Amino acid sequence: MQTPSNKIIQIKGLKKTFKTTIHALSGVDLEIMKGEVVSIIGPSGSGKSTLLRCMNLMEVPSAGSIIFEGHLLSIKDKNINQLREKMGMVFQSFNLFPHLSVLENITLSPKLVLKMSEHDAEIMAKDLLEKVGLSDKIDAYPSQLSGGQKQRVAIARALAMKPDVMLFDEPTSALDPEMVGEVLSVMRTLANAGMTMVIVTHEMAFAKEVSDRVVFMAEGVIVEMGTPEIIFSNPKEERTKTFLKRVNVI
């Protein structure tokens, strides 16, 4: 049985309403354990990305609470930025600085925020680029990279902040099909190394392979969650079955 100290993120009664009428989240309860890989799946508009963005208060919840490593997250907390630094975030759209080289993109935050020396930051960046298979692109600029390469740099940049958890918001959705595999390979390596990961994804085969748990969302609520074997092979809820049939999983 998991102990409270193993809970890295605790979400209780989370609600998010946009413009007073759109209920993106309608009372979500979820716990993420240290070292766990959790994939969140579901149809478009189900609240998956909103839930992920609420985890580090990129979206401020309308109600409910988020506890990260024992700290209740609040946008008014003077330590909120320090807590956010422990959550690496990888988006659909890379968000690299176009005027900076790959090396500069990766070392900027560690030098400014973590006060890392330029020498140490560069050594770390080179190590991370080797891990994501881009050692030869250290001096390149984002405009010179493919989409898959940009996303791998974005992952390296997030890892450079030494996060305790990595949040991925559909990291392959903006990529051409032939580039998806190289990004998933890096994420697979992270999962195998024990990194705590929460992944919003439409890559069902990948979710089935790497996840400890799969969360199925629809209409702002968690409909069902369980091991990949249960969710993909023996889902209990009709809404889950309908979705998986539409995406040709069952």
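These figures come from a predicted structure and were not determined experimentally.
- Within the 4.5 Å cutoff, side-chain heavy atoms of Gln149 are placed close to those of Glu182.
- Without hydrogens or angle criteria, Thr240 side chain to Pro235 main chain gives no donor-acceptor distance under 3.5 Å.
- In this structure a side-chain-to-backbone donor-acceptor pair under 3.5 Å is present from Ser117 to Asp120.
- Considering CD1 of Ile222 and CE of Met217, their distance stands at 6.0 Å, rounded to 0.5 Å.
- Counting only distance, with no hydrogens or angles, the side chain of Gln151 and the backbone of Gly148 share no donor-acceptor pair below 3.5 Å.
- Hydrophobic cluster membership differs between Met33 and Phe168, with clusters built from Ile, Leu, Val, Met, Phe, Trp and Tyr side chains linked at under 4.5 angstrom.
- Judged by distance alone, the side chain of Gln10 and the main-chain N or O of Ile67 form no donor-acceptor pair under 3.5 Å.
- The structure places NZ of Lys162 at 11.5 Å from CG of Asp164, a figure rounded to the nearest 0.5 Å.
- If you run side-chain contact (heavy atoms from CB on, under 4.5 Å) between Phe68 and each of Ile11, Leu57, Ile8, Ile80, only Ile8 comes through.
- Taking SG of Cys54 as the start and CG of Leu167 as the end, the distance is 11.5 Å to the nearest 0.5 Å.
- Looking at Thr196 and Glu36, their side chains never bring a donor and an acceptor atom within 3.5 Å of each other.
- Residues Ile9 and Leu51 are members of one and the same hydrophobic cluster, defined by side-chain heavy-atom contacts under 4.5 angstrom among Ile, Leu, Val, Met, Phe, Trp and Tyr.
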Test side-chain contact (heavy atoms from CB on, under 4.5 Å) on Ser109 and Arg157 and set out the steps.
CA-CA 8 Å; Ser109 289; Arg157 181 181 61 180; 5.8 Å; no

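- Heavy-atom neighbours of Glu31 CD from other residues, nucleotides or ligands within 6.0 Å: above the threshold of 12.
- Shown here for Pro142 and Asn105, the closest heavy-atom pair between the two residues is CG-ND2, 4.0 Å.
- Within 6.0 Å of CD in Glu178 there are more than 12 heavy atoms belonging to other residues, nucleotides or ligands.
- Glu59 and Thr50 share no donor-acceptor pair across their side chains, judged by distance under 3.5 Å alone.
- Across all non-hydrogen atoms, the minimal contact from Ala156 to Leu128 is O-CD1, 3.4 Å.
- Separation of atoms CG (Leu190) and CG (Leu159) is listed at 5.5 Å; rounding is to 0.5 Å.
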Please assess Glu130 against Ser135 for the test side chain to side chain donor-acceptor pair (under 3.5 Å), listing each intermediate value before the final yes or no.
CA-CA 5 Å; Glu130 183 175 350; Ser135 295; 5.0 Å; no

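- Taken from CG in Asp169 to CE in Met55, the straight-line distance is 10.5 Å, to the nearest 0.5 Å.
- Under the 4.5 Å side-chain heavy-atom criterion for Ile, Leu, Val, Met, Phe, Trp and Tyr, Phe206 and Ile230 are members of distinct hydrophobic clusters.
- With a 6.0 Å radius and a threshold of 12 heavy atoms from other residues, nucleotides or ligands, Lys15 has its NZ atom at or below the threshold.
- Using a 4.5 Å heavy-atom threshold, the side chains of Asp77 and Ile75 count as separate.
- With a 4.5 Å cut-off on side-chain heavy atoms, Lys12 and Ser65 count as touching.
- Considering only heavy atoms from C-beta on, Phe97 comes within 4.5 Å of Leu108 through its side chain.
- One hydrophobic cluster, built from ILVMFWY side chains closer than 4.5 Å, holds both Val215 and Ile66.
- Here the shortest heavy-atom pairing between Leu25 and Gly47 reads CD2-O, 3.5 Å.
- The structure places CG of Leu134 at 15.0 Å from NZ of Lys126, a figure rounded to the nearest 0.5 Å.
- Thr242 places a side-chain N or O within donor-acceptor distance of the main-chain N or O of Glu238, the cut-off being under 3.5 Å.
- The closest side-chain heavy-atom distance from Ser211 to Phe232 is not below 4.5 Å.
- Taking each heavy atom of Leu175 and Val183 in turn, the nearest pair found is CD1-CG2, 3.5 Å.
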List the steps, then state whether side-chain contact (heavy atoms from CB on, under 4.5 Å) holds for Ile41 with Phe243.
CA-CA 10 Å; Ile41 64 171; Phe243 171 76; 4.2 Å; yes

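- Taking the side chain as every heavy atom from C-beta outward, Val113 and Gln82 never approach each other to under 4.5 Å.
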Pair Val198, Ile40 - check side-chain contact (heavy atoms from CB on, under 4.5 Å), show working.
CA-CA 7 Å; Val198 185; Ile40 304 174; 3.8 Å; yes

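- The cationic group of Lys16 lies under 6.0 Å from the six-membered ring centre of Phe18 and within 45° of the ring axis, placing it in a cation-pi geometry.
- Using modelled atom types, one side-chain atom of Lys48 and one backbone atom of Pro43 make a donor-acceptor pair closer than 3.5 Å.
- In the hydrophobic clustering of ILVMFWY residues, with side-chain heavy atoms under 4.5 Å counting as a link, Val186 and Ile106 come out together.
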side-chain contact (heavy atoms from CB on, under 4.5 Å) between Arg152 and Lys137: does it pass, once the steps are laid out?
CA-CA 11 Å; Arg152 284 186 280 160; Lys137 300 296 183 182; over 6 Å; no

Stepwise, does the salt bridge (Lys or Arg N to Asp or Glu O under 4.0 Å) test hold for Arg188 with Glu209?
CA-CA 9 Å; Arg188 190 177 292 112; Glu209 175 192 348; 2.7 Å; yes

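- Side-chain contact between Lys131 and Thr189 is absent, with no heavy atoms from C-beta onward closer than 4.5 Å.
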Does the side chain to side chain donor-acceptor pair (under 3.5 Å) test come out yes or no for Glu170 and Thr201, once each step is laid out?
CA-CA 5 Å; Glu170 300 209 31; Thr201 184; over 6 Å; no

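- Residues Val37 and Ile199 approach most closely at CG1-CD1, 3.9 Å, considering heavy atoms.
- The nearest pair of heavy atoms linking Thr107 to Ala121 is CG2-O, 3.4 Å.
- Ser74 contributes a side-chain N or O that, together with a main-chain N or O of Lys76, makes up a donor-acceptor pair within less than 3.5 Å.
- With hydrogens and angles ignored, the 3.5 Å screen pairs no side-chain donor or acceptor of Arg53 with any backbone N or O of Met58.
- Side-chain contact between Met179 and Ser146 is present, with at least one heavy-atom pair separated by less than 4.5 Å.
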